Amino acid sequence: MNIVVLVKQVPDTYSERKLSDADSTLDRDSADAVLDEINEKAVEQALQIKEAGEGEVTVVCVGPDRATDAIRKALSMGADKAVHVCDDALHGSDVLATAKVIAAAIGKGDAPDLVLAGNEATDGGGGAIPAILSELLGLPQLTHAREVSIEGQTVKATRETDEGLTYLEANLPAIVSVAEKINEPRYPSFKGIMAAKKKPVDTFTVADLGVDAGEVGLGNAWSAVTEAAPKPPRAAGQKAEDEGDGGTKIAEYLVTQKLI
Amino acid sequence: MSVKQADPHDFLGIDADLGDTERDVRDAVRAYAREELTPHIADWYENGGLPRELASGLGKLGLFGMHLEGYGCAGLSALAYGIACRELEAVDSGLRSYVSVQGSLAMFAIHQWGTEEHRTEWLPRMAAGDALGCFGLTEPDSGSDPGSMRTTARREGSDWVLNGTKMWITNGTLADVAVVWANTDEGVRGFVVPTDTPGFTANEVKHKLSLRASITAELVLENVRLPGSAAFPDVRGLKGPLSCLNEARFGILWGVVGAARSCYESALDYAKTREQFGKPLAAFQLTQRKLADMLVEVNRSALVARQLSTLKDAGELAPTQVSFGKFANVRSAIEVARSARTVLGANGITLEYPVMRHMNNLETVLTYEGTEEVHALSLGAAVTGVQAFR
């Protein structure tokens, strides 16, 4: 089975993240860059499917030079090879342009049986790439999966929503996006780290993919971030001295907040 | 041109020019420690031990024998090994000891001095964490002077029969295999002893006040009969065990940089948030002096460790240079821990903060694998040409 996993390098959620003053795009220097955790889960799922049968796992990443760190992590976990689309022209691209580029990058290799992605990245949070890609590639999409299984030429997924569980299935080839609860990703082992150094990474520019540079980048995006404001700092809590009536005071406070 | 700002958490940029592999190893150990070790370490320390399952997690990651070649080991550089030790010991010296004993003492001894049969029988299982090893050199009456050991191995036909007692043996009661050094007619020799051999017993040392997240044992060998093939074939004398200790000491001189860093970071964080007399502790000149001293010790010891790694990866590292690193860096780490403890006040003595745990651990690290005094004498001998301990 030929499995493609989409991965993205994002600013570490443990560090302070911000947008650049100049163009309101992600300020990549302000925070440590890591492989997005939801993508680690997508890679883990791909590896589990591969290990249960056979196949090859290719990671596809669109991102700047240093996204090679995120790619290497996916390879260290056990993915077999990688495609990296790296081009300054991509700076500030919206989800439509990004999906076009990803579709073209996938088209550079053998046709995939399964494309796995995270349901949404922790930075932009668009959550639209799997759906747009499904349209562009003409493949069925099973999104927000908390469980995935392959049975012959069918992929089955369980989607969890606030209302309950939805059981989905589609014929392969298909696109599946995974949600938070799908699995616990493995740690890259030291042997995996050593092996990753020798795994092939193909790097393409937008032109290599036959995508028109006039369709990508900040200037050609269909929407733009006009302004961003950081969350206001949390206000100091309200203190109540317990003079034997602490419980009553807490209850009164909760009543004023309409919590009880 | 903007003025460069130094990073408070890597002031001299020690990690800034690490290669991809070393950085990946660091990040892998950090992520593992953050999720699997740090949340439990206070309990493990208080309860006096480590869960057995830990071995397979550490083995899967690849920590055991990570700098050895082949036999299921990752074959990483000395620098990567050092960085991994630093990240482990930033959590607790007991965890680093666990890995040091397995990889640098037991596995290294078998890898370096064992027969091909020893290596294929033990190393892959030990690398995976499926088998644990320990290393028996020190005895109740033979510490800094290992040449005075009383454990003997005598020939009986083609067999060897071992008798004696080993003391302060990390992982002794957990081990599946012990590398035991004993006196023979031809001088000290090393033996691979499966711990289920009749006559072998291990007794846990209780009531420790230091390195509590680590098992320490006494090994008793009473007419332990081993086949002739159990002996390391080619090494005679103390150079066998000392070569292994050198490996472990290299891990220590990196590890304690992590313990010191953890204490410094605790103190820095605490000083910035704790207020007395209407201002944070960090705003007091005495606190700033302490933080500056800690910062210097942490970074200077890291520089020593980096330089010794460069030498080791080039195959140029002298045992006396390892003594330099252990002597200098453990002393630095203890000073940092004690100073950090004063910044934290009463909070410093609890397990809520890592400081006193590190401080107590470092009292062990100061004297094991060569006491501070013996390393001082080894440095003295190196520069004067006169051995003061014989």
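Proteins get letters first, then strands, A, B, ... in listed order; numbering begins at 1 in each. What you see is a predicted model, and the numbers here were worked out from it, not measured in a lab.
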Legend entry - Interchain contact, A:Lys197 with chain B, by part (heavy-atom threshold 4.5 Å): side chain
Inset, instruction - For atom NZ of A:Lys249, decide whether the heavy atoms of other residues, nucleotides or ligands shown that lie under 6.0 angstrom number more than 12. - result: yes
Inset, instruction - Please indicate whether A:Gln257 has more than 12 foreign heavy atoms, meaning atoms of other residues, nucleotides or ligands, lying under 6.0 Å from its CD. - result: yes
Legend entry - Residue A:Asp110 excluded, over 12 heavy atoms near CG under 6.0 Å: no
Inset, instruction - Any chance you could measure A:Met194, atom CE, to B:Cys73, atom SG, to the nearest 0.5 Å? - result: 11.5 Å
Inset, instruction - Could you tell me the separation between the CG atom of B:Asp20 and the CD1 atom of A:Ile193, rounded to the nearest 0.5 Å? - result: 10.5 Å
Legend entry - Close contacts, residues 50-72 of chain B versus chain A, judged by heavy atoms under 4.5 Å: B:Lys60, B:Leu61, B:Gly62, B:Leu63, B:Met66, B:Gly72
Legend entry - Heavy atoms from other residues, nucleotides or ligands near CG of A:Asp65 exceed 12 (cutoff 6.0 Å): no
Inset, instruction - Look at atom CD of A:Glu56 and say whether more than 12 heavy atoms of other residues, nucleotides or ligands are closer to it than 6.0 Å. - result: yes
Inset, instruction - May I ask you to list the residues in residues 23-36 of chain B that approach chain A closer than 4.5 angstrom, counting heavy atoms only, ordered by number? - result: B:Arg23, B:Asp24, B:Val25, B:Ala28, B:Val29, B:Ala31, B:Tyr32, B:Arg34, B:Glu35, B:Glu36
Legend entry - Close approach to chain A in residues 257-276 of chain B, criterion heavy atom under 4.5 Å: none
Legend entry - Contact listing (chain A partner; residues 88-104 of chain B; heavy atom under 4.5 Å): none
Legend entry - Heavy atoms from other residues, nucleotides or ligands near CD of A:Glu241 exceed 12 (cutoff 6.0 Å): no
Inset, instruction - Return yes when atom CG of A:Asp88 has more than 12 non-hydrogen atoms of other residues, nucleotides or ligands closer than 6.0 Å, and no otherwise. - result: no
